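Scroll down for the structure; my scribbles are underneath it.
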There are 2 protein chains.
Amino acid sequence: MSVSAVDTLREERDRDAYAPHIRLFLKGRGREAMTPEDIATLEDSIDVVRDIPARTIVNRREERVRSSSLLLEGVMCRYMDDRQGNRQIVAFHVPGDFVDLHGFAMRHLDHDVATLTPVRVALVRHGRLETIVAHRPHLTRMLWFSTLLDAAMHREWIFRLGRLDADGRVAHLFCELHARLGMVDRVEQGVFRFPVTQIDLAEAVGITPVHLNRVLRGLRERGLMTFRSGEVRILDHPALVGLADFDPAYLYGGGPSVAGRDA
Amino acid sequence: MSVSAVDTLREERDRDAYAPHIRLFLKGRGREAMTPEDIATLEDSIDVVRDIPARTIVNRREERVRSSSLLLEGVMCRYMDDRQGNRQIVAFHVPGDFVDLHGFAMRHLDHDVATLTPVRVALVRHGRLETIVAHRPHLTRMLWFSTLLDAAMHREWIFRLGRLDADGRVAHLFCELHARLGMVDRVEQGVFRFPVTQIDLAEAVGITPVHLNRVLRGLRERGLMTFRSGEVRILDHPALVGLADFDPAYLYGGGPSVAGRDA
DNA sequence: CGTCCGCTTGACGTCGTTCAAGTTGGGTGG
DNA sequence: CCACCCAACTTGAACGACGTCAAGCGGACG
């Protein structure tokens with residue numbers, strides 16, 4: 001490791017000491033592009049930190065949103081129900097995600113937001129975001145980018161449902177979670193916590209809970225991965241990636257400019 | 001109609017006379033919230049207008065994007081291929097859409113962008129967008145909003161694939177196109193042009209072209225709609241909406257603040 | 001200790017795919 | 001103007017993945 005790399009690391013650690021809440025924001029996706037001032041501004045914009053129990057609806061669709069939540073700990077999701085009450089989960093959120101930042105520009109959401117586990121969130125009032133948009137173009141662009149990252153994950157979710165069979169969908173979802181949780185240091189040797197039910201997973205990948213259960217059994221019996229009491233063990237990552245046709249490029253590891261090789 | 005409404009209409013027409021290219025941008029979704037200065041700025045940001053033939057790849061994934069395209073005429077799409085070459089279309093674009101505005105904040109895309117029909121686009125160089133972000137917070141927010149509209153459509157696309165059967169998916173897609181094209185005055189008594197192939201549609205809704213053909217036949221025989229030589233005829237809109245479980249709220253007709261009832 | 005929710009497994013039905021064989025129609029060249 | 005061509009569309013028959021229905025299991029919590 002070069003000296004400058006060490007310096008960068010130390011600087012990052014120092015900065016983060018003063019910005020404990022947004023420490024994970026855009027980690028592994030261009031967080032370095034944020035200046036110390038950006039980081040301080042964002043940290044100062046936090047209104048309160050709040051703990052919320054599992055299975056709580058945080059935001060109902062059509063409801064006016066006045067602040068956005070940066071997820072610090074736990075798992076949240078976004079979903080919509082059809083009129084028979086069948087649920088489609090459209091996004092999972094893990095620590096470091098700015099869960100409903102899009103509520104700032106949209107004013108109200110087109111879907112519900114809920115916790116799946118107990119969570120801790122940092123709330124940022126939209127008035128603060130307005131100030132940022134008015135005075136900090138670079139930070140604004142980073143925030144914008146982070147909402148577009150969600151859009152990129154949505155697109156991959158469409159691919160998952162449109163082109164993969166049940167095995168592939170499940171494999172793909174766990175590949176994504178593995179990659180995302182890895183970026184925020186939540187994975188150790190292929191093992192990570194993701195304490196949701198099989199029903200939740202089924203509602204995400206668009207199959208029935210019964211069939212999801214069979215798929216999980218298949219993956220387990222083939223030695224690819226296990227999912228038990230909220231813990232995921234990736235046993236054969238290459239095989240899983242193959243089954244899922246997974247390419248993590250859409251997660252923009254390294255940030256907006258990496259693959260584009262900024263001039 | 002009230003006098004002030006008439007005035008508003010006249011004013012809008014006057015403005016648009018000087019902004020022919022961005023006339024359709026955010027039409028029906030909060031375009032009114034753009035000030036005359038915003039409109040002029042955006043119009044002035046246009047670099048060139050270009051005509052592109054049908055079936056042309058405009059932007060390849062991972063390729064550095066240096067300008068974004070506002071679609072003026074024709075149909076475009078965004079898609080990704082799996083490694084066997086199966087295509088999943090993740091978005092259709094119609095006149096008034098800022099097709100790859102997200103390329104500005106992301107720098108490179110995670111998918112390909114292509115034309116389906118001959119199109120006319122207005123190109124905006126990213127340097128111009130940077131100036132807008134630096135000096136025009138309100139316009140910045142409108143642009144941000146327009147990229148989030150795409151994300152909202154992605155979410156509904158996920159719902160379509162995850163919760164609906166083949167009939168419902170096709171019905172849902174056509175309901176969306178009907179609503180979107182209606183907002184930019186491309187629909188007359190339930191009839192509109194959408195000159196794509198059945199293969200394209202199949203690649204969008206995640207079924208085989210063979211089955212798509214059967215679904216279309218079913219919809220035709222039940223008198224719900226027809227699709228022939230690039231022309232869509234909505235014959236029984238309520239039935240189609242019912243089949244699709246369609247609720248256009250996610251298209252944000254009226255703009256960001258309508259359902260939220262801005263204070 | 002009982003209850004409830006989530007997990008598990010089996011049997012069977014159905015929707016959509018696959019494979020295969022035409023048909024139609026817009027575009028091109030003789 | 002007609003003949004030809006090719007891509008897109010259309011239809012049929014058989015198969016298979018996933019859904020549905022039903023029953024039983026197991027662990028957490030009151």
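Throughout, protein chains are lettered first and strands after them, A, B, ... in sequence-line order, and every chain is numbered starting at 1. Computed from a predicted model, the values in this text were never measured in an experiment. Side chains are part of it too, since the values below use all heavy atoms of this structure and drop only hydrogens, waters and symmetry mates.
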(message) At less than 4.0 Å, is any side-chain N or O atom of B:Gln198 found next to OP1 or OP2 of D:dA7? Yes or no.
(response)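 No, outside the criterion.
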
Nucleotide N/O to protein N/O under 3.5 Å, stretch nucleotides 28-30 of chain D:
none

(message) My understanding is that only residues two or more places apart in sequence, or in another chain, count here; which of them pass salt bridge (Lys or Arg N to Asp or Glu O under 4.0 Å) with B:Asp82?
(response) none

(request) Quick one: list whatever passes salt bridge (Lys or Arg N to Asp or Glu O under 4.0 Å) with B:Arg23, sequence neighbours left out. (result) none

Just the rounded figure in Å: distance from [atom2] of [N] to [atom1] of [X].
{"X": "A:Arg55", "N": "C:dC4", "atom1": "CZ", "atom2": "P", "answer": "19 Å"}
{"X": "A:Ile199", "N": "D:dG19", "atom1": "CD1", "atom2": "P", "answer": "14 Å"}
{"X": "B:Leu164", "N": "C:dG16", "atom1": "CG", "atom2": "C1'", "answer": "15 Å"}
{"X": "A:Leu161", "N": "D:dC18", "atom1": "CG", "atom2": "C1'", "answer": "14 Å"}
{"X": "A:Arg228", "N": "D:dC25", "atom1": "CZ", "atom2": "C1'", "answer": "15 Å"}
{"X": "B:Asp200", "N": "D:dC9", "atom1": "CG", "atom2": "C1'", "answer": "13 Å"}
{"X": "A:Ile207", "N": "C:dT14", "atom1": "CD1", "atom2": "P", "answer": "21 Å"}
{"X": "A:Glu203", "N": "D:dC18", "atom1": "CD", "atom2": "P", "answer": "18 Å"}

Residue list, side chain to side chain contact (heavy atoms under 4.5 Å, CB included) with [X], at least two apart or on another chain:
{"X": "B:Arg55", "result": "B:Leu116, B:Thr197, B:Asp200"}
{"X": "A:Ala239", "result": "A:Leu224, A:Asp236"}
{"X": "A:Ala244", "result": "A:Ala171, A:His172, A:Cys175, A:Phe246"}
{"X": "A:Thr115", "result": "A:Ile52, A:Thr56, A:Val58, A:Met76, A:Val119"}

(message) Just to verify, which of A:Asp112, A:Asp150, A:Asp100 counts as forming a salt bridge (charged side-chain N to carboxylate O under 4.0 Å, His left out) with A:Arg78?
(response) A:Asp150

(request) Scan residues 168-184 of chain A for pairs that pass salt bridge (Lys or Arg N to Asp or Glu O under 4.0 Å), counting only residues two or more places apart or in two chains. (result) A:Asp97-A:Arg180, A:Arg160-A:Glu176, A:Glu176-A:Arg180

Would you list the atom pairs, donor with acceptor, under 3.5 Å between side chains in residues 201-217 of chain B and any protein atom, with sequence neighbours excluded?
residue  : atom : partner  : partner atom : Å
B:Thr208 : OG1  : B:His211 : N            : 3.3
B:Asn213 : ND2  : B:Gln198 : OE1          : 3.0

(request) Could you list the residues that satisfy ring-ring contact (aromatic ring centres under 6.0 Å, His included) with B:His111, not counting sequence neighbours? (result)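 Applying ring-ring contact (aromatic ring centres under 6.0 Å, His included) to B:His111 gives B:His102.
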
(request) Would you please indicate if the ring centroids of A:Phe92 and A:Phe194 are separated by under 6.0 Å? (result) yes

(message) Expected output is a numbered-order residue list: members of residues 208-222 of chain B with a heavy atom under 4.0 Å from any atom of DNA chain D. What is it?
(response) B:Val210, B:Asn213, B:Arg214, B:Arg217

(request) State, to the nearest 10°, the angle formed by the axis through the first five base pairs of the helix from C:dC1-D:dG30 to C:dG30-D:dC1 and the axis through its last five. (result)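 The angle separating the two end axes equals 40°.
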
